[in-house]
S.K.: 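Take this structure first; my questions come after.
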Amino acid sequence: MSADFMLITFSLFFAGAIAVPLATRFGLGSVLGYLIAGIALSPILGAIGADVIALQHFAEFGVVMMLFLIGLEMNPRELWALRNRIFLLGGLQIGLTTMAFALIALVLGQPWTVSLAIGLVLALSSTAIVNQTLKEKGLSRSDGGQSSFSVLLAQDIAVIPMLALVPLLALPELTEALSHGSGHADDHAGSGFNISLVEHLSGWQTAIVTVMAIGGVIVIGQYLVTPLFRFVARARLRELFVSTALMVVLGIALLMTMVGLSPALGTFLAGVVLASSEYRHEIESDIDPFRGLFLGVFFMTVGAGMDFDLLFGSFGSIMGLTFGLIAVKAIILLALARVFKIRGSDQWLFGLGLAQAGEFGFVLLSFTVANAVIPGGVADTLLLVVALSMLATPLMFIVYERLIVPRYISDEDTASDEIEDHSGIIIAGHGRVGGIVNTALRASGYETTVVDYSSQQLEMLRLIDLKVYYGDATRHDLLKAAGIDEAKLLIVAIDGKDQTTELVRYVCETHPNVHVIARAYDRIHVFDLWDAGCRDIIRETYDSSIRTARSALEALGHSKDAAGRMMDEYDAFERTRMLETAELHKPGVAIHENEEMVAKYQETQSEWEAELRDRVHRAKTNRAE
């Protein structure tokens, strides 16, 4: 291992370790963190003579693994449930955006093949940035968030046919120039062995071999891979299972390369076939770290390969192209939002959230240049435009939150304000938790008022005469319209820790007579909600964990009654301990940085453990205290 290799590797890992946590902390996302790290590394890599393009081709294996994992997640039933938004809304977005940018490129003088390739590159949005931002801001379940997810999923699926289509758009003059420019490499390659299976075949023979290769991938994934993993699993060596998973991905990628197809196509198909395998989750968890590592390096090489001379030399035109890209995509997305009845602020969340280009744009640009489709100069400009549009994404979400949402606060669901007969029970969030609570309360004879961000779900509830309000439950005016002034009970089951805490704090301070039940994400969130004034807090995984532990005790030979008594004692002890420590919590301060709480744990940990063991033991033997 040479010193140059170790220096380059160290520089990449060091830059990622510094830039990505900082970018994540400021809400920019990991992808932008890697891009920024690459930009910062650019002078260093240039000074030591690193071959950034070679590094990029090596790191593209991360994209292959990403598409394999996307295939693993393609559950046919889930796809069918979202079929309208994925295939209709997503398909229209891809098609209309591709045509729009292709026409613009034609007007600017590009050949039709180049224009089509440009349209395909710019039609995609950033899955990594948008999904992460929606999750962080608690917008995933809103209509805009769900529509965005569906379109992003459609784009991920569309990458596969795009990769298959791109080589067919190759320009003869660029192909000839590439072949002349890489003569030395070809000579060198000629001295080795040729792994292509279709090089000297006719067109129909190539088609047959290609179809057979794709069929082989499906057969291997369906009938051979699961028995292989079952055989390897008997050795009980995790590293062997990991290497086998990587071998499968590499082998399928190699087979696709040998028949002239994109390796990503084969690995995606293999992932889809393995989506129902018993080893799906193990394969996913084993490959995901390697995917993240290779993708991180890939994005850093993209940042390092940006042409800054071109950026500063043509700053005005490149910025104009970037803003033009965002404007065109936003207009198309907003038009589709109206057609598909995505209303209110959600249409702007959908339109602005997906208005950037995406990380797969880098992959397609690299692929188009390698296949003589887009000239290098045009690709360099597009690379800058894609990166700058991604860097602008956090700003677009700020525009949405600061400028768009306030405009709709007084407009959303004004008809609901006419309801005068409030139920006295408000449920904020009608998802996997709120929906069950609502059903149980109504079955017990109680009327409820539901506040949720999904208009489709609320429209269904309105059909059965439920009092429902569309919008953000943290809005004070919406709570007032839902009857918070006369309410007896508020159940908070919305997504987002900060949003939940904000809502609880407001209601506890301004409506102290309302009993608030809040769902907590974890122990720290319990402390935050306690500090906000809530005294009826339900950890979302706590009860299921208690039931799991009780089942484990029964499986270990304890009777059902004994296991129940033991876990009742554990539950009572845990709640007492939470009360003792909740008063010491300081919002925004991590537990290990809270000196008083650390001292409390150090002082009482051994006593707590001894008491807990004693109480559980007495419960097991059914002895009275």
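Throughout, numbering of the chain's residues begins at 1 and tracks the sequence. Just so you know, these numbers use all the heavy atoms, side chains as well, and skip hydrogens, waters and symmetry mates. All values reported here derive from a predicted model rather than from experimental measurement.
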S.K.: A quick test of your reading: do over 12 heavy atoms of other residues, nucleotides or ligands sit less than 6.0 Å from OH of Tyr521?
M.R.: no
S.K.: How long is the gap from OH on Tyr570 to CZ on Arg577, to the nearest 0.5 Å?
M.R.: 8.0 Å
S.K.: Would you sort out whether Val516 and His511 count as a side-chain contact (heavy atoms from CB on, under 4.5 Å), showing the intermediate values?
M.R.: CA-CA 10 Å; Val516 178; His511 299 83; over 6 Å; no
S.K.: Could you check whether any side-chain heavy atom of Val492 comes within less than 4.5 Å of a side-chain heavy atom of Ile517, counting everything from C-beta outward?
M.R.: no
S.K.: Using modelled atom types and a 3.5 Å cut-off, is there a donor and acceptor pairing between side-chain atoms of Ser147 and backbone atoms of Gly144?
M.R.: no
S.K.: Kindly compute the distance separating OG (Ser551) from CG (Leu556), expressed to the nearest 0.5 Å.
M.R.: 11.0 Å
S.K.: Shortest non-hydrogen contact from Ala549 to Met567?
M.R.: CB-CE, 3.7 Å
S.K.: What's the separation between atom CG in Leu89 and atom OG in Ser148, rounded to the nearest 0.5 Å?
M.R.: 9.0 Å
S.K.: For a quick test of reading the model, state the closest non-hydrogen atom pair linking Ile426 to Gly483 and the distance between them.
M.R.: CD1-C, 3.9 Å
S.K.: Taking all atoms of both residues into account, what is the closest heavy-atom pair of Asp536 and His515, and its distance?
M.R.: OD2-NE2, 2.8 Å
S.K.: Could you report the tightest heavy-atom contact between Val504 and Ala532, atom names first, then the distance?
M.R.: CG1-CB, 4.0 Å
S.K.: Before you tell me yes or no, could you show the steps for Val297 and Tyr34 under side-chain contact (heavy atoms from CB on, under 4.5 Å), namely the whole-Å CA-CA distance, both residues' side-chain angles and the distance that decides it to 0.1 Å?
M.R.: CA-CA 8 Å; Val297 174; Tyr34 284 121; over 6 Å; no
S.K.: Can Met247 and Leu228 be said to form a side-chain contact (heavy atoms from CB on, under 4.5 Å), step by step?
M.R.: CA-CA 11 Å; Met247 178 199 71; Leu228 172 63; 3.8 Å; yes
S.K.: A side-chain contact here means heavy atoms from C-beta on lying under 4.5 Å apart; do Phe149 and Val130 qualify?
M.R.: no
S.K.: Any idea which heavy atoms bring Ala37 and Ala15 closest together, and the distance?
M.R.: CB-O, 3.6 Å
S.K.: Does any part of the side chain of Leu479, heavy atoms only, come nearer than 4.5 Å to the side chain of Leu503, both counted from C-beta?
M.R.: yes
S.K.: Between the main-chain N or O of Ser125 and the side-chain N or O of Gln155, is there a donor-acceptor pair closer than 3.5 Å?
M.R.: yes
S.K.: Is any side-chain heavy atom of Phe290 closer than 4.5 Å to a side-chain heavy atom of Val249?
M.R.: no
S.K.: More than 12 heavy atoms of other residues, nucleotides or ligands under 6.0 Å from CZ of Arg547: yes or no?
M.R.: no
S.K.: Calculate, to the nearest 0.5 Å, the distance between atoms CG and CZ belonging to Leu124 and Phe360 respectively.
M.R.: 8.0 Å
S.K.: Side chains of Lys497 and Asp522: closer than 4.5 Å at any heavy-atom pair?
M.R.: yes
S.K.: Could you check if a side-chain atom of Tyr542 sits within less than 4.5 angstrom of a side-chain atom of Val526, using non-hydrogen atoms only?
M.R.: no
S.K.: So which heavy atom on Ala154 is nearest to which on Ile86, and how close?
M.R.: CB-O, 3.1 Å
S.K.: Any side-chain heavy-atom pair from Ile283 and Phe241 closer than 4.5 angstrom?
M.R.: yes
S.K.: Would you say Phe527 and Ile537 make side-chain contact, with heavy atoms under 4.5 Å?
M.R.: no
S.K.: Is atom CZ of Phe573 surrounded by more than 12 heavy atoms (other residues, nucleotides or ligands) closer than 6.0 Å?
M.R.: yes
S.K.: Do Glu540 and Arg519 pass the salt bridge (charged side-chain N to carboxylate O under 4.0 Å, His left out) test, and can you show the C-alpha distance, the side-chain angles, and the key distance before you say yes or no?
M.R.: CA-CA 6 Å; Glu540 61 180 21; Arg519 180 186 67 179; 3.6 Å; yes
S.K.: Nearest 0.5 Å please: distance from the CD1 atom of Ile214 over to the CE atom of Met212.
M.R.: 12.0 Å
S.K.: For the pair His558 (side chain) and Leu553 (backbone), establish whether a donor and an acceptor sit closer than 3.5 Å, ignoring hydrogens and angles.
M.R.: no
S.K.: Let me confirm one number: the CD1-CG distance from Ile425 to Leu489, rounded to the nearest 0.5 Å.
M.R.: 5.5 Å
